[in-house]
Every structure is written in C-alpha cells, then in structure tokens.
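What follows is a single structure, written as structure tokens, with notes after it.
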Amino acid sequence: MANQNAKGLKRLMNACVFSVAGFKATWIHEEAFRQEVLLFIFTTPLAIWLGETAIEKLLLIGSIVLVMLVELLNSAVETIVDRVGLERHELSGRAKDIGSAAVMLSLAWAAITWTLILI
C-alpha cells in the first residue's frame with residue numbers, strides 16, 4: 001500500500017480512496033456483487049415499507065448489507081488466490097469454495113430474516 005506512514009486525517013482520506021477503489025474494482029470484475037447491489041436497491045424500499053418497526057427495517061436492510069460485505073471479502077480471497085497462480089491447486093480451490101460457502105450462508109441468512117419478519 002502506498003503511504004503506509006500517513007497519520008490522522010491523511011490516513012483516513014487514503015483509506016477512503018482505497019475503499020472507493022475496492023468498490024469500483026468489485027463492481028467492474030464481479031457480476032455477483034453487481035447483482036447483490038441491485039438486490040439491495042430493490043429490497044431497501046421494500047424493507048422500509050414492509051418493516052413495522054425500526055428494528056425490523058434494520059434487520060431486513062442489514063441482512064442484504066451482510067450479503068454484500070461477505071461478497072466483498074469473498075472477492076478479495078478469490079483475487080489473492082488468482083494472484084498467487086492460476087494453475088489448479090487443491091488449496092486454491094478450497095479457499096474459493098469456502099468463500100463461496102460464506103456468501104451462500106449470508107444469502108440463506110438474508111432469506112431466513114426476510115421470511116421470519118414478513119410472515
């Protein structure tokens with residue numbers, strides 16, 4: 001990382017720039033992330049409309065945010081694995097499979113959250 005010695009406000013500004021770059025890279029290279037952002041855009045107004053309390057609205061929206069967070073982490077793992085080497089390796093496949101399982105679990109959690117709150 002560039003300028004790791006930055007302190008205070010400069011460090012925070014650098015972190016924001018790096019974060020925006022991460023969102024942009026994920027948006028460009030990961031179709032699943034684009035789909036999850038669209039899911040978030042679609043479900044957020046629904047959550048506000050259908051949630052009866054502030055907590056229900058927060059849980060409905062938060063469950064989708066969780067999916068996007070896990071997808072960002074999964075994409076980071078996949079990028080690192082691909083950086084190390086594109087040849088097939090058992091550990092590389094395992095790392096990618098574990099990341100995929102984490103995304104699937106977060107999607108299941110979102111589905112359960114929405115189902116339990118809305119029924």
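Heads up: numbering here begins at 1 and tracks the sequence. All values reported here derive from a predicted model rather than from experimental measurement.
The hydrophobic clustering, which links ILVMFWY residues whose side-chain heavy atoms are closer than 4.5 Å, places Val77 and Leu86 apart. Taken together through direct or relayed side-chain contacts under 4.5 Å among Ile, Leu, Val, Met, Phe, Trp and Tyr, Phe40 and Trp49 form part of one hydrophobic cluster. In the hydrophobic clustering of ILVMFWY residues, with side-chain heavy atoms under 4.5 Å counting as a link, Phe33 and Met104 come out apart. Hydrophobic clustering (side-chain heavy atoms under 4.5 Å, transitive across Ile, Leu, Val, Met, Phe, Trp, Tyr) groups Val65 together with Val37. If you chain together hydrophobic residues whose side chains sit under 4.5 Å apart, Met68 and Leu59 fall into the same group.
Taking CD1 from Ile48 and OG1 from Thr43, the interatomic distance works out to 9.5 Å, rounded to the nearest 0.5 Å. In this structure, CD1 on Ile28 lies 13.5 Å from CZ on Phe23, to the nearest 0.5 angstrom. To the nearest 0.5 Å, atom NE2 of residue His29 and atom NZ of residue Lys24 are 9.5 Å apart. Taking CG of Asn5 as the start and NZ of Lys10 as the end, the distance is 12.5 Å to the nearest 0.5 Å. In this structure, CG in Asn74 is found 10.0 Å from CG in Asp97, a value given to the nearest 0.5 Å.
Between Asn14 and Arg11, every side-chain heavy-atom pair lies at or beyond the 4.5 Å cut-off. You'll find the side chain of Asp82 reaches within 4.5 Å of the side chain of Lys96, heavy atoms only. For the pair Leu69/Leu73, no side-chain contact is recorded, criterion being any heavy-atom separation below 4.5 Å from C-beta on. Between Leu39 and Ile64, some side-chain heavy-atom pair lies under the 4.5 Å cut-off. Between Val103 and Glu36 the shortest side-chain heavy-atom distance falls below 4.5 Å.
Here the rule is side-chain contact (heavy atoms from CB on, under 4.5 Å) with Val70, and of Leu72, Val67, Leu66 only Leu66 fits it.
Side-chain atoms of Ser92 never come within 3.5 Å of backbone atoms of Arg88 as a donor-acceptor pair (strictly under, hydrogens ignored).
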Identify each donor-acceptor pair in which a side-chain atom of residues 111-119 lies under 3.5 Å from a protein atom, sequence neighbours left out, and give them as a table.
residue, atom, partner, partner atom, Å
Thr113, OG1, Trp109, O, 2.8
Trp114, NE1, Leu60, O, 3.1
Trp114, NE1, Ser63, OG, 3.3
Thr115, OG1, Ala111, O, 2.7

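Contact between Ser75 and Glu30 at its shortest, heavy atoms only, is OG-CG, 3.3 Å.
Residues that satisfy the side chain to side chain donor-acceptor pair (under 3.5 Å) test with Arg34, not counting sequence neighbours, are absent from this structure.
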Evaluation steps, side chain to side chain contact (heavy atoms under 4.5 Å, CB included), between Leu91 and Val81:
CA-CA 9 Å; Leu91 294 176; Val81 167; over 6 Å; no
